[in-house]
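One-based numbering along the sequence shown.
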Amino acid sequence: MLSEEELQQVILTHLAATFHRSGALLVFVDPGHLRIYSDAGIPLTLADVARSVPLDAPTPLLHAIRSGRPQFLGPVCSCDLAESRSG
């Protein structure tokens, strides 16, 4: 039987491969914050910054959550998210 962490990695690996992407994020919305899991294709610093972005910030990640539609992003730097966090 797979552990929760192993299952997350299987899902992330298959998501990235299915859409021919280099990485994937798996995001769960909890009251007041996000739980974000990433695979090796997403820098840990980017996932860490995304965790602290306010839930009403106008970011592609949060737009995907609000709309229920996946977002396919090009290269994103943590500075893009940091602007949303401070604004």
Straight-line distance of Gln9 CD to His14 NE2, nearest 0.5 Å: 11.0 Å
Arg21 CZ to Leu12 CG distance, which is reported to the nearest 0.5 Å: 15.5 Å
Validation row: Tyr37, Glu4 side chains within 4.5 angstrom (heavy atoms): yes
Least distance between heavy atoms, Ala24 atom then Ala16 atom: CB-N, 4.1 Å
Pro58 to Arg66 - nearest heavy-atom pair and separation: CA-NH2, 4.2 Å
Residue pair Met1 / Glu6: nearest heavy atoms and the distance that separates them: O-OE1, 4.2 Å
Crowding at CD, Glu5 (>12 non-hydrogen neighbours, <6.0 Å): no
Any Gln8 side-chain heavy atom under 4.5 Å of Ile11 side chain: no
